[in-house]
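So that the names make sense, note that chain A is the first sequence line, chain B the second, and so on, each numbered from 1.
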Protein chains: 2
Amino acid sequence: MPELAESDREALKRPFCKALLNLIRAQDRSGAMERDTDEELLAPFIVTKIQKRDIPMFGDPDPDILMRVEQIFMAICWLIETETGVAAAPILNIHHEGWGRIVVLTGRLVAVNAHMRELHRFGYENLSLMEEKALKFVEEGIKAVRQFPDVAAAG
Amino acid sequence: MPELAESDREALKRPFCKALLNLIRAQDRSGAMERDTDEELLAPFIVTKIQKRDIPMFGDPDPDILMRVEQIFMAICWLIETETGVAAAPILNIHHEGWGRIVVLTGRLVAVNAHMRELHRFGYENLSLMEEKALKFVEEGIKAVRQFPDVAAAG
């Protein structure tokens, strides 16, 4: 594993990466990852452009990839919840060919509406870019909840 | 195939069964079902309580079942669209153990919020009951769109 850039070491200390790490550790029921560092736990989320070139686009995407996409959106939900106080949940609708739609729902509101493709090659160039992309969805979600608070609170 | 009850023959002529039949025929790209009657096309949707008892709950649900659940919700979307004029789309999030959540989205609105379980045994006692259950979701959707028209129209 290459050493983290200074900007990525900073990203590790900010809320998005912290939320993601909390989720990953919470899901590690067997304790298999107990001794892994934050950096090691987030390493699978980093896939550089050069690495992507070597990943074929046939076959079904690795189940671990779908798990990581879900973890990213659960962390996004977590930050939306923290900021707005309303519960948020992701729904993933991924086609086995590697593309799909992901929504974050708060009450009766679609707070975030995301489309993803080429999931075989899912990953980010670095942690700062992962945070940047995730925070765009967090912002979208918070904005939607504030725009339609009654819908976000509807059961 | 047992003969249809009079109430089911009536149901076949009403909008929900018609929408469902249109969808099934539209998806029959190879023409394999071209000669099937309406009754034959809807037969797989009917599973009586006695039949359900004999269907085991282990293993993954048959992919054909997931297809039928999706067709039901697409027909529900169709009726919501016809009534309200806004486009509706289902998202299925089915766990492989046979339970899951299904939402119908119109714009930024969760028009219908459904939870299903025991999908291994998916099916209705008869066509009238299928229509009755589906129309409850259609009503829920139309009501939600009318309650939050700006959210249903939001992109």
Side-chain angles (χ1 to χ4, degrees), chain A residues 27 60-64 66-67 69-74 76-77 80 84 86-97 99-117 119 136-155, chain B residues 27 60-64 66-67 69-74 76-77 80 84 86-97 99-117 119 136-155:
Chain A
Q27 288 179 354
D60 290 2
D62 189 334
D64 285 353
L66 302 184
M67 188 189 69
V69 173
E70 189 161 24
Q71 286 168 335
I72 289 278
F73 277 88
M74 284 175 71
I76 288 167
C77 285
I80 294 172
T84 64
V86 293
I91 296 194
L92 279 75
N93 191 234
I94 309 287
H95 190 271
H96 72 93
E97 282 173 10
W99 43 266
R101 185 177 179 190
I102 299 158
V103 291
V104 169
L105 306 184
T106 54
R108 283 266 178 191
L109 183 66
V110 181
V112 177
N113 192 16
H115 293 269
M116 303 198 83
R117 58 193 183 84
L119 282 176
K136 276 190 191 153
F137 288 125
V138 174
E139 272 169 42
E140 179 187 340
I142 293 171
K143 198 180 145 203
V145 170
R146 290 194 174 141
Q147 192 180 351
F148 303 114
D150 49 339
V151 188
Chain B
Q27 288 178 355
D60 290 1
D62 190 332
D64 285 354
L66 302 184
M67 189 188 68
V69 173
E70 188 161 22
Q71 286 168 337
I72 290 278
F73 278 87
M74 285 175 71
I76 288 168
C77 284
I80 294 172
T84 63
V86 294
I91 296 196
L92 281 74
N93 191 233
I94 308 287
H95 190 272
H96 72 94
E97 282 172 11
W99 44 265
R101 185 175 177 189
I102 299 157
V103 291
V104 169
L105 305 183
T106 54
R108 283 267 177 189
L109 183 68
V110 181
V112 176
N113 191 18
H115 292 269
M116 303 199 84
R117 59 194 182 84
L119 283 176
K136 275 189 192 155
F137 288 125
V138 173
E139 271 169 44
E140 178 188 341
I142 293 171
K143 196 180 147 203
V145 169
R146 290 195 174 141
Q147 192 180 351
F148 303 113
D150 48 339
V151 188

Counterpart residues, side-chain hydrogen bond (donor to acceptor under 3.5 Å, both in side chains), relative to A:R117 (two or more places apart) | none

Could you have a look at A:I91, A:D150, A:L92 and say which one has the most heavy-atom pairs with chain B under 4.5 angstrom?
-> A:I91

Salt bridge (Lys or Arg N to Asp or Glu O under 4.0 Å) pairs touching residues 86-97 of chain A, sequence neighbours excluded, are none

A:V110/B:V110 under side chain to side chain contact (heavy atoms under 4.5 Å, CB included): CA gap, chis, key distance, verdict | CA-CA 6 Å; A:V110 181; B:V110 181; 4.2 Å; yes

Using a heavy-atom distance cut-off of less than 4.5 Å, which residues of residues 102-109 of chain B contact chain A?
-> B:V103, B:L105, B:G107, B:R108, B:L109

By number, which residues in residues 137-146 of chain A have some heavy atom less than 4.5 Å away from chain B?
-> A:E140, A:A144

